[in-house]
Enquirer: 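Could you have a look at this structure, given as structure tokens, before my questions?
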2 protein chains.
Amino acid sequence: MVHYVELPDGRCYPVVIDSLETLPVWLERVAVPRGRCFLVTDEHVAHLHLESLQAILKTAGWTPYVLVLPPGEPTKALPYLERIYDEALRWGIDRRTPLLAFGGGVIGDLAGFAAATLLRGLPLVQLPTTLIAQVDSAIGGKTGINHALGKNLIGAFYQPALVLADPSLLQTLPEREWTSGLAEVVKHALIGDPALFSLLEMRWTDVLQRNPSLLPDLIARAVLVKIRIVVQDEREAGPRAILNFGHTFGHAIERVAGYGHFTHGEAVALGMLAALWLSHQRHPDLPLTRIRALLQRLPVPPLPETLDFKTLRQVMQVDKKTLAGQLRFVLLRRLGEAYLADDVPEEALQAAWQFACASRQTAVAY
Amino acid sequence: MVHYVELPDGRCYPVVIDSLETLPVWLERVAVPRGRCFLVTDEHVAHLHLESLQAILKTAGWTPYVLVLPPGEPTKALPYLERIYDEALRWGIDRRTPLLAFGGGVIGDLAGFAAATLLRGLPLVQLPTTLIAQVDSAIGGKTGINHALGKNLIGAFYQPALVLADPSLLQTLPEREWTSGLAEVVKHALIGDPALFSLLEMRWTDVLQRNPSLLPDLIARAVLVKIRIVVQDEREAGPRAILNFGHTFGHAIERVAGYGHFTHGEAVALGMLAALWLSHQRHPDLPLTRIRALLQRLPVPPLPETLDFKTLRQVMQVDKKTLAGQLRFVLLRRLGEAYLADDVPEEALQAAWQFACASRQTAVAY
């Protein structure tokens, strides 16, 4: 399956949902000249899938140089960016050498930023290996690294030449990474695709069990939501912000619980419950019970006691999405349609949080 | 005087040749909201002009944060980029905070790259203080830093929101920086503006003495050549390469003589003599004597003995502009019109170099 990201200025690149075996053919189609390529991955992915990717490349006449980095968020930082610069330049890349980012969000963001800035831009190929990366972070051209003062503070908008997402790679994902990714898929359904929502509802058991016959369609639908939003708003001036559904509470939850307690997806799953309640206040026709039921099926660890409303509210205030002191929320007008609201009344916030907490008490937990 | 850079995708920014006093008005015109700004400069420029720039900004209601870096090429490197990241983030920039690059090519490239990558892009304002920066490096969106393995190996294409070049700042330039900048102005005349060439010919004494009544027009004409080329080719796929007139020999000359012996402009002045000879071989109508006469008026230090043809030829071969082993030259078809040639015969190169050396023997030297 292939979708195309067509940007307003005429640039266009394919997002392919297919086996890694098709990579050489797709590299040819996007006019990346066969020869040497620079491959960045992490230890986890290398252990599971590097051998087969290298075999695919070599059989097709490619000469890959492989750089394996430590797994995890701390790798998304300046010292590892410098490591990529040093190895790539010492090896002798030129402006046409493609850089392949083979991994999850950390590798995609880090190697993507390296591709954006080496020789003022190398052809970038995203080979996402996690569900979040396949449906979200590998698409849309956001690249970057963290700084001691915050996440993603240094980076560039830089579109890949090709995204190839192989659904079979997801079979080896740890359980919690899978369900965290599902939170983003549910989010994409809520903000942009009612049919995807129905698919998730009807086939939840297959979804949880990663039924191979289901995955390509699931990924393709979620990808399409992301693409539709990105082409409207490459540099995040407006519509792209609706991708932050569940994030106003979500970011604060992640922070207050302490990074590592919840995954990003789990925090967003909680945040979406709060945002759902706020949306329903304004739009009583929104199918609250139905949406809540799906959100409750996303497994989330128990809420820690430190996670009280007062602390959350304070942390939300300093979040970078605050404009001139006013909190910004993404709300649902109906299933599949979201918008930005700067005028959510203060009193509603605590009730929204209580709704989220109460919903979790009868929900699936780890 | 104002020229506009209109890019094919609809982006547009002004290049203003006027007093720094007009900066606040221009910031308003390009819709940069008044408030805080982050200003990067070097010690030389700070000593001469920082006080007046700060006064201009403060009077107009701006709050500048000033970062003064050491002067010179070694500043264009990762440690100083990191220093800008740290100070800007600690001070608390947001996505709308403009970054002002107040200096020559080093500050423009370094601070420009910081602006390209902080929060995935801040509004960038180029305030060039050298002749080369005013007519060349501040325009066109090339930003970047050096790496131990070579110059400009890390960077981004990132267009400024505004370029404001104040000709009066050039009165304080050291003599050699002025004449080096003139080499680039002569280059722009040769590749794109016969009228600028005539102006340089007829008013060379005024040009050398930096006659204030002449400078705005001189700069504006040279700027226009650069803009015309950049808008055809933002990312240097083709036409932009003609800006490298004189550079195939020039880069090798710089390197063989040892960085520091010649300035970049002086090396290019020598390289242009060689390229002129090659051009005249193919296009006998080209006014060789007339062009040579102007190039001979550019003061250049004596040629060191190490600068023999054999060594030059070897160094040219490994220059990054070599494609598949074939040297690439920019040649003049006529005064004001240049093109790329990959098929210059090997035998011609030594004769071209002898022409350059012979021309310098009767030329102006330091």
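First the proteins, then the strands, lettered A, B, ... as listed; each starts at 1.
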Enquirer: Chain B heavy atoms under 4.5 Å from A/Leu149: which part of the residue, side chain, backbone, both or neither?
Expert: side chain
Enquirer: Just wondering, are more than 12 heavy atoms of other shown residues or ligands nearer than 6.0 Å to CZ in B/Arg29?
Expert: yes
Enquirer: What part of A/Leu78 gets within 4.5 angstrom of chain B, counting heavy atoms only: side chain, backbone, both, or neither?
Expert: side chain
Enquirer: Is the side chain of A/Arg120 donor-acceptor paired with the backbone N or O of B/Thr143 at a distance under 3.5 Å, no angle test?
Expert: yes
Enquirer: What is the distance from atom CZ of B/Arg11 to atom CG of A/Asp9, rounded to the nearest 0.5 Å?
Expert: 8.0 Å
Enquirer: Around atom CD of B/Glu28, are there more than 12 heavy atoms of other residues, nucleotides or ligands at under 6.0 Å?
Expert: no
Enquirer: Rounded at 0.5 Å granularity, tell me how far CG in B/Leu118 sits from NE2 in A/His147.
Expert: 8.5 Å
Enquirer: Could I get the full list of salt bridge (charged side-chain N to carboxylate O under 4.0 Å, His left out) partners for B/Arg83, not counting sequence neighbours?
Expert: B/Glu87
Enquirer: Which is it for A/Thr117 and B/Phe113 under the side-chain contact (heavy atoms from CB on, under 4.5 Å) test, yes or no, and what are the steps along the way?
Expert: CA-CA 9 Å; A/Thr117 51; B/Phe113 186 48; 3.5 Å; yes
Enquirer: Determine, stepwise, if the pair B/Leu153 / A/Leu119 fulfils side-chain contact (heavy atoms from CB on, under 4.5 Å).
Expert: CA-CA 5 Å; B/Leu153 294 180; A/Leu119 308 182; 3.6 Å; yes
Enquirer: Go through the atoms of A/Asp94 and report whether side chain, backbone, both or neither lie under 4.5 Å from a heavy atom of chain B.
Expert: neither
